[in-house]
Participant: 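Please see the structure below; I have some questions.
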Amino acid sequence: VTRLVLVLGDQLSTGLSALCSADKDSDVVVMAEVMEEATYVRHHAKKIAFIFSAMRHFAQALEDDGWTVAYSRLDDDDAHKTIASALLGAAERYGADKVIATRPGEWRLIEMLEDLPLDAKVLEDDRFIATEAEFADWAAGRKELRMEWFYREMRRKTGLLMDGDDPEGGKWNYDHDNRKAPPEAVDASGPMSFTPDEITEEVLTLVEERFPDTFGHLRPFDFAVEQGQARRALSHFIKTALPDFGDYQDAMLRGERYLYHSVLSLYMNTGLLDPIEVAKAAEDAYRSGDVPLNAAEGFIRQIIGWRDYMRHLWYHQGPGYERKNGLNHQRKLPEFFWTAETDMACIRDTVEQTIETAYAHHIQRLMVTGNFFLLAGIDPAEVYDWYLSAYIDAFGWVMAGNVIGMSQFADGGIVASKPYVSSANYIDKMSDYCGDCAYSAKTKTGEGACPFNLLYWAFLDRQRDRFKGNPRMAQMYATWDRMKDDKRETILKEAGAFLERMSKGERV
Ligand code: FAD
Ligand code: DLZ
C-alpha cells in the first residue's frame with residue numbers, strides 16, 4: 001500500500017526521519033510550493049526563492065535516487081494553496097491514506113497534521129544533537145534552563161573538543177576572549193557566492209512575478225541551493241573566516257556585513273548541512289592547528305549549544321510560547337523597520353543590509369534591532385513576525401527562543417537571566433555606526449541625544465517592579481537612582497516625546 005512521505009521546505013535532508021522510515025519502491029514523496037507557506041508572514045523575497053530553488057533541487061536529487069516525487073509547483077495550473085491540500089490531492093491520486101512526516105518546526109503545521117483526515121505518523125526530527133527525550137530529562141526538575149549546562153552535556157555526548165572527560169584546554173567556554181572591538185580591516189572575503197543555475201533562474205522569475213510586493217531585494221541571489229554547494233560554502237568559511245570568528249564575534253562594521261561570520265544557518269536550518277558535520281569541520285581545523293581554540297569553541301558552542309538548545313526549548317515549551325508578552329509591551333512596530341528610513345545610523349544600516357541580503361549577524365539582531373524593540377516596548381508578536389519575515393534562516397522553532405526569550409524577555413526569563421538592553425555606549429564600542437549618525441552616542445539628553453540613551457533608562461524605570469530584585473541589574477538601578485531628580489525627569493520626558501513622534505510616523 002502506498003504511503004505519502006511529506007518533505008517540507010526546511011526538511012531537505014536525505015537522512016530525514018520520514019524518508020528513512022519509508023519505502024522507495026512503494027511510497028510517494030510529497031513536496032509542495034504553496035501560497036500559504038509563502039505568505040503567512042511577509043517573507044523576504046530571497047527567502048522564498050531560496051526555499052523554492054532548494055526544494056526543486058532536492059526533489060530532483062530524490063528522483064535521481066529512484067523515489068517517486070509528487071511535486072506541486074506554485075505556478076502549476078492546479079497548484080495547491082496549502083500543504084494539507086497537497087497531501088489530500090496526492091492521497092486521492094495515489095490511493096493512499098497514510099502519511100509519514102518529520103515533526104515540522106512550527107506548531108501550526110504540527111496541528112495541521114493532527115487535524116488531517118488521513119492517518120499521519122509524525123516522527124521526531126532527529127537532525128539535532130540531543131533527542132527530545134534527552135532534553136526533557138535534562139530540563140526535568142530544573143528551575144532554570146541555562147544554555148551553558150545543556151551545552152556541556154552536548155560536548156560530552158558528541159565528544160567534540162573533549163580531552164578525555166575534560167574540556168579541551170581546561171575550560172568549557174572561551175567567551176571572554178571573544179569580545180574584541182571591531183578590527184581596523186577585515187581580511188575575510190565573505191560567504192561563498194554561487195551563480196544561479198537554470199532551476200534557480202526559473203524560480204527567481206517566478207518570485208518576481210508572484211511576489212512583487214514582498215519584503216526585500218530578490219537580486220543579486222548567490223546562495224547555495226543544494227548540498228554539494230553548501231558543503232563548499234562550509235569549507236570556504238572554515239578556511240577563510242573561522243580563525244578570526246571568535247575574536248570579532250560581537251563586532252559590527254558598516255560595509256562589512258559578514259565580518260568573520262559563517263552565513264551557514266540557512267543551510268543547517270533547511271537540511272542542506274548537518275550541524276554535526278559543521279561542528280566537526282571546525283574541530284578538525286582546530287586539531288590540525290589552523291584555527292585557535294577560542295574560535296573553534298565559540299563556533300561549536302553556537303551550533304551544538306545555542307542552536308540545539310533553541311530547538312528543544314521551543315518544543316519543550318509547547319504551543320503559545322511564541323505569543324508570550326511577559327513585559328506587556330503593546331507599541332506597534334515602526335514602519336522604518338521595513339524601509340530603513342530613520343536617522344539612527346545603526347538601525348538604518350542593519351535594516352538596509354537586511355533588505356538587501358536577508359542577513360544580519362547575531363549582535364546586529366540582538367543588540368541593535370532587538371535592543372531597540374525591547375527598549376521601545378514594541379509588541380513582541382509584531383517583533384516575532386518581523387524577524388520571521390526578514391531573515392532567510394528564520395523558522396518558528398528558532399525564532400521562539402531567540403526572539404521571545406533571548407531578545408524580548410517576553411517569556412519572563414526562561415532563556416535569559418536579564419534583559420539584553422544597552423544604551424548607546426555598547427553600540428559605539430562594538431561598531432563604527434555612531435561616527436556617522438545624526439544622533440550623538442555621547443549625548444545623554446537634549447539636542448542630538450541618542451534615543452538608545454533615553455530609552456534605556458525609560459525602560460528600566462518602566463519595568464522597575466519586574467527587575468528591581470534581579471541582582472544582575474542592581475548596579476543599573478543604583479546608577480539610575482543616584483541621578484538627580486530633574487535629570488531623571490528630563491530623560492523620561494524626552495524618551496516619551498521620542499516614542500510619541502515615532503508612533504505618529506514622524507522621521508526619527
Ligand atoms: P554564525 O555567527 O556564523 O554562527 C554559527 C552558527 O551558530 C549559525 O549558523 C547558527 O546555526 C548557530 N547559532 C548561533 N547563535 C544561535 C542562536 N542564538 N540560535 C540558533 N542558532 C544559533 N538564527 C537562526 O538560525 N534563525 C533565525 O531566525 C534567528 N533569528 C534570531 C533573532 C534574534 C532576535 C536573535 C538575537 C538571534 C537570532 N538567530 C537566528 C540566531 C543568530 O543570530 C543566527 O543564527 C546567526 O546570526 C546566523 O548567522 P551565521 O550563520 O553567520 O552565524
Ligand atoms: C518558508 C517556506 C516557504 C516560503 N515556502 C514553503 C513552501 O512553499 N512549501 C514548504 O513545504 N515549505 C515552505 N517553507 C518552509 C515552511 O514554512 C516550514 O516548513 C515551516 O515554517 C516549519 O518550519
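Remember, it's 1-based here, ligands and their atoms both numbered in the order they're listed. Index from 1, following the sequence. Basis for what follows: all heavy atoms, side chains included, without hydrogens, waters or symmetry-related copies. Quantities reported herein were computed from a predicted structural model and do not represent experimental measurements.
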Participant: Looking at atom 17 (O) of ligand 2, what's its closest protein heavy atom, distance included?
Facilitator: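 Minimum-distance protein heavy atom for atom 17 (O) of ligand 2 reads Glu37 OE1, 2.7 Å.
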Participant: Could you please provide the protein residues found below 4.0 Å of ligand 1 on a heavy-atom basis, arranged by chain and number?
Facilitator: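 Those residues closer than 4.0 Å to ligand 1 by some heavy atom are Phe245, His261, Ser262, Val263, Leu264, Ser265, Met268, Asn269, Phe299, Gln302, Ile303, Trp306, Arg307, Met310, Tyr359, Ala360, His361, His362, Arg365, Leu366, Tyr387, Asp393, Ala394, Val398, Met399, Asn402, Val403, Ser407.
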Participant: Could you tell me whether Lys157 and Glu153 make a salt bridge, using a distance below 4.0 angstrom between a side-chain N and a carboxylate O?
Facilitator: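 So Lys157 does not pair with Glu153 through a salt bridge.
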Participant: With a 4.0 Å cut-off on N to O distance, would you call Glu37 and Arg108 a salt bridge?
Facilitator: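 Yes, this pair counts.
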Participant: With a cut-off of 4.0 Å, which atoms of ligand 2 are near a heavy atom of Glu33?
Facilitator: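 Listed by number with element, the hits are 8 (O).
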Participant: Is the distance from the ring center of Phe245 to that of Tyr260 below 6.0 Å?
Facilitator: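 Not close enough - the centres of the two rings lie 6.0 Å or further apart.
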Participant: Could you tell me whether Arg146 and Glu144 have a side-chain N and a carboxylate O separated by less than 4.0 Å?
Facilitator: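 Yes, Arg146 and Glu144 are salt-bridged.
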Participant: To the nearest 0.1 Å, how far is atom 8 (O) of ligand 2 from its closest protein heavy atom, and which atom is that?
Facilitator: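 Nearest neighbour among protein heavy atoms for atom 8 (O) of ligand 2, to 0.1 Å: Val34 N, 2.9 Å.
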Participant: Below a 4.0 angstrom heavy-atom separation, can you tell me which part of Leu109, side chain or backbone, both or neither, approaches ligand 2?
Facilitator: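 The answer is the side chain.
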Participant: Among all protein heavy atoms, pick the one closest to atom 2 (C) of ligand 2 and tell me residue, atom and distance.
Facilitator: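 Here the nearest protein heavy atom works out to Ile51 CG2, 4.0 Å.
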Participant: Could you tell me whether Lys324 and Asp411 have a side-chain N and a carboxylate O separated by less than 4.0 Å?
Facilitator: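 No salt bridge links Lys324 with Asp411.
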Participant: Among Gly105, Ala32, Ala49, which one puts a heavy atom closest to atom 9 (N) of ligand 2?
Facilitator: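 Among Gly105, Ala32, Ala49, the closest heavy atom to atom 9 (N) of ligand 2 comes from Ala32.
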Participant: Determine the interplanar angle of the His261 and His361 rings, folded into 0 to 90°, and report it as parallel if under 30°, tilted if 30 to 60°, perpendicular if over 60°.
Facilitator: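 Taking His361 first and then His261, their aromatic rings lie parallel (interplane angle under 30°).
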Participant: Side chains of residues 208-216: which donor-acceptor pairs under 3.5 Å do they make with residues two or more places apart or in other chains?
Facilitator:
residue, atom, partner, partner atom, Å
Glu208, OE1, Arg219, NH2, 3.3
Glu208, OE2, Arg219, NE, 2.8
Glu208, OE2, Arg219, NH2, 3.4
Thr214, OG1, His43, O, 2.5

Participant: What's the separation between atom CD in Glu134 and atom CG in Asp308, rounded to the nearest 0.5 Å?
Facilitator: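 CG of Asp308 is found 9.5 Å from CD of Glu134.
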Participant: Run the numbers for me: atoms of ligand 2, each under 4.0 Å from some heavy atom of Tyr40, listed by number.
Facilitator: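 Reading through ligand 2 atom by atom, the close ones are 17 (O), 21 (O).
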Participant: Which residue from Leu12, Asp10, Ile48 reaches closest to atom 23 (O) of ligand 2 through any of its heavy atoms?
Facilitator: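 The option holding the nearest heavy atom is Asp10.
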Participant: Does the distance from a Lys or Arg side-chain N to an Asp or Glu carboxylate O, for Glu277 and Arg231, drop under 4.0 Å?
Facilitator: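 Yes, Glu277 and Arg231 are salt-bridged.
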Participant: Identify, for atom 10 (C) of ligand 2, the protein heavy atom at the shortest distance, and state residue, atom and that distance.
Facilitator: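 Ranking protein heavy atoms by distance from atom 10 (C) of ligand 2, first comes Gly9 N, 3.4 Å.
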Participant: Is it the side chain, the backbone, both or neither of Phe52 that has a heavy atom closer than 4.0 Å to ligand 2?
Facilitator: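 Within the 4.0 Å criterion, Phe52 contacts ligand 2 through side-chain atoms alone.
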Participant: Tell me the protein heavy atom at minimum distance from atom 15 (C) of ligand 2, and give that distance in Å.
Facilitator: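 It is Phe395 CE2, 4.1 Å.
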Participant: At a 4.0 Å threshold, what atoms of ligand 2 neighbour a non-hydrogen atom of Ala38?
Facilitator: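 The atoms of ligand 2 under 4.0 Å from a heavy atom of Ala38 are 4 (C).
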Participant: Taking only residues two or more places apart in sequence or in another chain, which ones pass salt bridge (charged side-chain N to carboxylate O under 4.0 Å, His left out) with Asp65?
Facilitator: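 Partners of Asp65 by the salt bridge (charged side-chain N to carboxylate O under 4.0 Å, His left out) criterion, ordered by chain and then number, come out as Lys24.
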Participant: Please identify each residue that fulfils ring pair (Phe, Tyr, Trp, His ring centres under 6.0 Å) with Phe237, with sequence neighbours left out.
Facilitator: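 Counting only residues at least two positions away or on another chain, Phe237 forms a ring pair (Phe, Tyr, Trp, His ring centres under 6.0 Å) with Phe299.
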Participant: Centre-to-centre under 6.0 Å for Phe150 and Phe135, is that the case here?
Facilitator: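 Yes, close enough.
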